Amino acid sequence: MKPTTTCTSRKQPTQERSRQTVRAILEATAQVLVQRGYEGTTTGAVVERAGVSIGTLYQYFPNKESLVAALIEGHVREVLELVEGALVQHAFAPLPSVLRAVIKASLDAHRLHPELHKVLVEQVPREGRLAEAIGISGQLTDLLEAHIQQRLPGLARPRIRLVAFMVETTVEALTHRAIIESPRWLTSGALEQEAMDLLLPYLSHALQGGVQSSLAETRPQAGNAGFKPLPEG
């Protein structure tokens, strides 16, 4: 997980030295979380691991919750950047390529530090700033919705939103369960392929009406030979 140097609670690190200090604090936080779990993590343990004073930590983070929230916010940005990049890169690619890229991007963000993600998924309470930091689902759904809308403008917006929600929720749920139950699935390629096998038939069927509508808008005039509309699904 890529540590963030953005702190919304207290002092903002503006110089490179202070940014390095914040990165060291967040890296130490991640290490302590893996070693001790969320309940066992304390600001004292973090500063000992980071090699900074408690006063330095409190310049940027008022408590343990803000430390963990900053870690999660960095993870959220990482996931959003990967998924958005995949969608941009595959803007005009066939549907299976887009779906595989989205699944891979989501899994890539969890592959490097599965032990830390397991703590964040299983142990971090969903309340206050922590709940806000963890709330990535809506943002990912927005990205998928925008992509589908651009690809299939003939599909009704409520339908697009539902399809985007289904895809995002499925990938997120599978990823988080794999982190808890069997992290090796994240690196073996097994989960990626199973997610493809699960979602591609659904997505193909769910978007069929939009595909037909889009084709109808660009249908050749009568007399153009060779055009065959898609069969009714």
Side-chain angles (χ1 to χ4, degrees), residues 1-89 102 104-140 142-143 171-172 175-176 178-180 183-184 186-187:
M1 181 178 299
K2 181 169 56 180
T4 177
T5 57
T6 300
C7 316
T8 58
S9 297
R10 289 193 171 175
K11 178 180 176 182
Q12 295 292 320
T14 57
Q15 298 181 349
E16 181 57 29
R17 183 176 179 181
S18 60
R19 286 193 289 268
Q20 289 177 356
T21 298
V22 169
R23 281 194 292 268
I25 292 172
L26 291 175
E27 287 169 2
T29 302
Q31 294 167 10
V32 174
L33 279 169
V34 170
Q35 183 180 32
R36 299 189 174 194
Y38 180 78
E39 290 298 327
T41 294
T42 64
T43 54
V46 170
V47 297
E48 182 178 352
R49 180 65 62 90
V52 300
S53 69
I54 194 70
T56 297
L57 183 147
Y58 285 146
Q59 287 181 31
Y60 303 102
F61 303 100
N63 49 42
K64 177 177 77 173
E65 288 72 20
S66 64
L67 278 170
V68 177
L71 265 184
I72 295 171
E73 287 162 0
H75 167 62
V76 166
R77 276 192 291 276
E78 196 171 51
V79 174
L80 290 172
E81 288 171 3
L82 286 169
V83 172
E84 186 172 18
L87 290 172
V88 170
Q89 184 177 355
V102 169
K104 183 178 184 299
S106 180
L107 295 182
D108 281 348
H110 296 81
R111 282 177 172 135
L112 294 179
H113 303 285
E115 299 88 357
L116 175 59
H117 287 121
K118 184 174 182 179
V119 173
L120 297 179
V121 169
E122 285 189 303
Q123 300 181 24
V124 174
R126 269 55 174 174
E127 58 187 28
R129 185 181 168 195
L130 290 171
E132 295 176 6
I134 291 171
I136 187 177
S137 297
Q139 298 175 74
L140 287 172
D142 290 343
L143 288 176
V171 174
E172 181 182 33
T175 303
H176 287 176
I179 289 171
I180 296 170
R184 68 181 183 277
L186 296 173
T187 56

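Side chains are part of it too, since the values below use all heavy atoms of this structure and drop only hydrogens, waters and symmetry mates. Note that this is a predicted model, so its numbers are computed, not measured.
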What I want to check is whether the side chains of Ser137 and Glu172 have a donor and an acceptor closer together than 3.5 Å. yes

For atom CD of Glu122, is the number of surrounding heavy atoms from other residues, nucleotides or ligands below 6.0 Å larger than 12? yes

What is the minimum heavy-atom distance between Phe61 and Ile25, and which atoms define it? CE1-CG2, 3.9 Å

For the residue pair Leu80 and Arg77, establish whether any side-chain heavy-atom pair is separated by less than 4.5 Å. no

Do you know which two heavy atoms are closest between Ala50 and Ala24, and how far apart they sit? CB-O, 3.8 Å

Minimum heavy-atom separation for Leu82 and Ala109, please, with both atom names. CD1-CB, 3.8 Å

What residue pairs, at least two apart or across chains, pass salt bridge (Lys or Arg N to Asp or Glu O under 4.0 Å) with a residue in residues 111-121? Asp108-Arg111, Arg111-Glu192

Judged by atom type as modelled, is there a donor-acceptor pair below 3.5 Å linking the side chain of Gln123 to the main-chain atoms of Tyr38? yes

Using 0.5 Å steps for rounding, measure from the OG1 atom of Thr42 to the CZ atom of Arg36. 5.5 Å

Keeping the roles fixed (side chain from Ser106, backbone from Val102), state whether a donor-acceptor pair exists under 3.5 Å. no

Spacing of OG1 belonging to Thr41 relative to CG belonging to Leu67, to within rounding of 0.5 Å: 9.5 Å

Which pair of heavy atoms, one from Ala178 and one from Leu186, lies closest together, and at what distance? CB-CD2, 4.2 Å

Evaluate the ring planes of His75 and His117, with Trp represented by its six-membered ring, and classify them as parallel (under 30°), tilted (30 to 60°) or perpendicular (over 60°). tilted

Which heavy atom of Leu26 sits nearest to which heavy atom of Ala70, and what is that distance? CD2-CB, 3.9 Å

Can you check side-chain contact (heavy atoms from CB on, under 4.5 Å) on Leu33 and Val68, steps first, answer last? CA-CA 9 Å; Leu33 279 169; Val68 177; 4.2 Å; yes

Take Tyr58 and Asn63, measure what side-chain contact (heavy atoms from CB on, under 4.5 Å) needs, and give me the verdict at the end. CA-CA 7 Å; Tyr58 285 146; Asn63 49 42; 5.8 Å; no

Applying side-chain contact (heavy atoms from CB on, under 4.5 Å), run through Val46 and Lys64 and close with a yes or a no. CA-CA 9 Å; Val46 170; Lys64 177 177 77 173; over 6 Å; no

Can you check side-chain contact (heavy atoms from CB on, under 4.5 Å) on Arg49 and Glu27, steps first, answer last? CA-CA 9 Å; Arg49 180 65 62 90; Glu27 287 169 2; over 6 Å; no

So how far is it from Ile179 CD1 to Leu107 CG, rounded to the nearest 0.5 Å? 9.0 Å

Assess the side chains of Thr21 and Ser18: does a donor N or O sit below 3.5 Å from an acceptor N or O? no

Verify, without hydrogens or angle tests, whether Thr56 (side chain) and Val52 (backbone) share a donor-acceptor contact under 3.5 angstrom. no

How far does CG of Leu140 sit from CD of Glu84, to the nearest 0.5 angstrom? 10.5 Å

So CD of Gln59 and CD1 of Ile54: to nearest 0.5 Å the spacing works out to 11.5 Å

